[in-house]
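Here is the structure we will look at.
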There are 2 protein chains.
Amino acid sequence: MDRTKLPKIEKMPADVRALGVLRARIIEGAIPAGARLTEVQISDEMGLSRATVRTALHQLAQEGLVSLVPYTGWTVVKLSQQDIWELYTLRAAVERLAAGLAATNGAADRIADIRKAFHALEVACERKGANEIAEADFGFHKSIVDASGHSRLCAQYGLIEHQIRVYIRSSDALIADPSEILDQHRPILDAILAKDSALAAELSEEHNLREGQKLTASVSGL
Amino acid sequence: MDRTKLPKIEKMPADVRALGVLRARIIEGAIPAGARLTEVQISDEMGLSRATVRTALHQLAQEGLVSLVPYTGWTVVKLSQQDIWELYTLRAAVERLAAGLAATNGAADRIADIRKAFHALEVACERKGANEIAEADFGFHKSIVDASGHSRLCAQYGLIEHQIRVYIRSSDALIADPSEILDQHRPILDAILAKDSALAAELSEEHNLREGQKLTASVSGL
DNA sequence: CGAACGGCTATTGTCGACAATAGCCCATTT
DNA sequence: AAATGGGCTATTGTCGACAATAGCCGTTCG
């Protein structure tokens, strides 16, 4: 058994595979907002039973990506400006807590992960790939949440994150100036490294509220 | 058709009825923490199909009241001290946002609801019924969340609230001095009525963190 | 005597079929 | 012509049966 690495077996429950596929399709925009989904068609295409697909769809509904109206059908949610406001205010509140906790209680290795995530963001900003920057941005925020050691916070954050991703893709990502992005995130990192809980919380909240306002403002002209 | 009130028709989907029953049983302690639940037994007793019960159980899992381990079974969650800490820190963060929003954007009728809820709390405190006080306490907090006009916040709060209820019941509710309870909540109400967003947010957060610490402290001796 | 192996059982995971419902189209009536 | 009612269709809601799996227990082998 000294073969360096035997290929990882892909053995996941059918419903989570279906969930992953559907979520990816929705986030990447292959299934557009407002689109109608029917259980039979999906189960047909995926070669799964309706019950399995139904489970996945319910999960997606919980994540806020689809919505079910009884006896009628599933539709991919269409995020309004109000929704974006909700998402970013909620995100700000959640990350405020996360940043504070990460600064105070963050395990050393998790703090190191935050450093790495910031470095990845720096690299992405140099390359100027819009998509890569967006991903690294998400990654940095997520590393802070993970460092909070707060399982419910992580779970909660996951849901918000999915919805924001959908919106970012659908509105085709306003990417700010790379150096500006770094300037906005660096103080948060510094505050966490300095274990200044209150400052980290405050900076994180401000950052998210600012981003949310930019996002709603940029789209208000539609 | 001038009959004063025709009896309300109870026609809900079977799964939500099952969900309600199960949740109530868990919260009231009829099904104790750590108990094992099997789909067949429940569907048997309720006269429903396994699929329907399964849907309800998945919903309960989403609410954090039960947990599923694959191919093995459902169990009612048992909240640890860490869980209580998580719940109260999260609640503090969520209600912080809610109180701030209620102060700033709260519709007049929702603000009136908050007043009513506080009055109900006063009445409950006079009667000194531990259970009634706890319910009125929840009601006051919930009225603030409802006044935020933030649908995701409300949804998120519902989940946390259920879990806290379970714990309060299971640990048999430490009820503080009634007048103390009122003294703790009144400033929050005043700040909202004065539309002082920052103060309302701060007071609300402090209040919840304090309660959480009391709760974990009182149980640390177990 | 210990440990690995194989089957047994309880329970969830998955499936296809039938029932109930919402929304639509069209005929019918006023 | 407008409103009303009936039925038609697409889709979800519900159901019972079969498949897959984890955990247990006895058995067997070293």
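Computed from a predicted structure; not experimentally measured. Here is the naming used below: chain letters follow the sequence lines, and residue numbers restart at 1 for every chain.
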Below 4.0 Å: OP1/OP2 of [N] and any side-chain N or O of [X]:
| X | N | value |
| --- | --- | --- |
| B:T38 | C:dA10 | no |
| A:S49 | C:dT14 | no |
| B:T52 | D:dC15 | yes |
| A:W74 | D:dT12 | yes |
| A:R36 | D:dT11 | yes |

Inset, instruction - Nearest-nucleotide wise, let me know which of A:L48 and B:G73 is further upstream toward the 5' end of DNA chain C. - result: B:G73
Legend entry - Position toward the 5' end of DNA chain C (nearest nucleotide), A:P70 or A:D15: A:D15
Inset, instruction - Answer with yes or no whether the side chains of A:N105 and A:R110 bring together a donor and an acceptor at under 3.5 Å. - result: no
May I have the distance from [X] (atom [atom1]) to [N] (atom [atom2]), rounded to whole angstrom?
| X | N | atom1 | atom2 | answer |
| --- | --- | --- | --- | --- |
| B:E39 | C:dC15 | CD | C1' | 15 Å |
| B:D44 | C:dT11 | CG | C1' | 14 Å |
| B:M46 | D:dT14 | CE | C1' | 16 Å |
| B:L68 | C:dT12 | CG | P | 8 Å |
| B:Y71 | D:dC24 | OH | P | 18 Å |
| B:L57 | C:dT11 | CG | P | 14 Å |
| A:L19 | C:dG13 | CG | P | 15 Å |
| B:I42 | C:dT11 | CD1 | C1' | 12 Å |

Legend entry - Cationic tip of A:R91 above A:Y157 ring, under 6.0 Å, 45° of axis: no
Inset, instruction - For A:L37, report the nucleic acid contact type (base, sugar-phosphate, nothing); a contact means any heavy atom under 4.0 Å. - result: sugar-phosphate
[Y] backbone acceptor or donor facing [X] side chain under 3.5 Å:
| X | Y | answer |
| --- | --- | --- |
| B:S43 | B:E39 | yes |
| A:S148 | A:I144 | no |
| A:E86 | B:R152 | yes |

Inset, instruction - Look at the side chain of A:R54 and decide which nucleotide, out of C:dG13, C:dG23, D:dT14, has an atom nearest to it. - result: D:dT14
